Amino acid sequence: MSFFQAIGLGMKLIGGIQAAKAQEQASRDNAEAMVTDRIRGEAQAAQQQVARYQQYFDDIATNEAMLLKNRDFDQSVKAFFDEQKTVTFDDLTVMASQARMESRKQTVAALLEVERGKNEAAATRIRTFSSFASGLQDLSSTKF
């Protein structure tokens, strides 16, 4: 085995190990970005819920002002307000459920990304050590 062949084989081994580490780090970075996106999505969902609350209270204030101005406040108006409240809070319940489901989906995706990176790195290590062993065998069978 020549000196340069041994160096080349060692460099190939070190390169493969470093590639595996880089794959794992890249998957962790991707997972962290996914978690950040999840948190951003949760904040946006909360903002949408607050906007829906605000819209509800603005609608109530507008309707009450119009009705009080015309002095038309009766039981049918109360029923309308009750229905408006029911619809609004049903909307908010659906929004909260969707936000929870999206958050869980993104959490699972981030965890799967980390596992994918670990599996890819393990495969790279196996390929690297297999290649290293094949290289050693080839070198040992080479006659000088």
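Computed from a predicted structure; not experimentally measured.
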Please table the atom pairs, donor to acceptor, closer than 3.5 Å between any side-chain atom in residues 40-50 and protein atoms at least two apart or in another chain.
residue : atom : partner : partner atom : Å
Arg40   : NH1  : Asp37   : OD1          : 2.7
Glu42   : OE2  : Arg38   : NE           : 3.3
Glu42   : OE2  : Ser103  : OG           : 2.5

Is the backbone N or O of Thr124 less than 3.5 Å from a side-chain atom of Thr128, with the two atoms forming a donor-acceptor pair by type?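 Checking the backbone N and O of Thr124 against the side chain of Thr128, a donor-acceptor pair under 3.5 Å is found.
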Applied to residues 24-34, the salt bridge (Lys or Arg N to Asp or Glu O under 4.0 Å) test, sequence neighbours excluded, yields Glu24-Arg125
For residues Ser97 and Arg100, is any side-chain donor paired with an opposing acceptor at under 3.5 Å? yes
Examine the side chains of Glu102 and Gln106 and answer whether a donor and an acceptor come within less than 3.5 Å of each other. yes
With clusters defined by side-chain heavy atoms of hydrophobic residues (ILVMFWY) lying less than 4.5 Å apart, directly or transitively, does [Y] cluster with [X]?
{"X": "Ile60", "Y": "Leu92", "value": "yes"}
{"X": "Phe57", "Y": "Met95", "value": "yes"}
{"X": "Met34", "Y": "Val108", "value": "no"}

Looking only at heavy atoms, which two atoms of Ser27 and Arg116 are closest? And how far apart?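 The answer is CB-NH2, 4.0 Å.
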Looking at every non-hydrogen atom in both residues, tell me the closest pair between Ala110 and Val35 and how far apart they are. CB-CG2, 4.0 Å
Considering only heavy atoms from C-beta outward, does the side chain of Glu83 approach that of Phe80 to under 4.5 Å? no
A quick test of your reading: do over 12 heavy atoms of other residues, nucleotides or ligands sit less than 6.0 Å from CZ of Phe89?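 Enclosed: over 12 neighbouring heavy atoms sit under 6.0 Å from CZ of Phe89.
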Please report, to 0.1 Å, the donor-acceptor pairs under 3.5 Å made by any side chain of residues 10-21, with sequence neighbours excluded.
none

How many angstroms lie between CZ in Phe132 and CD in Gln137, if you round to the nearest 0.5 Å?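 Between Phe132 CZ and Gln137 CD, I get 13.0 Å after rounding to 0.5 Å.
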Arg104/Thr107 under side chain to side chain donor-acceptor pair (under 3.5 Å): CA gap, chis, key distance, verdict: CA-CA 5 Å; Arg104 289 177 181 149; Thr107 298; over 6 Å; no
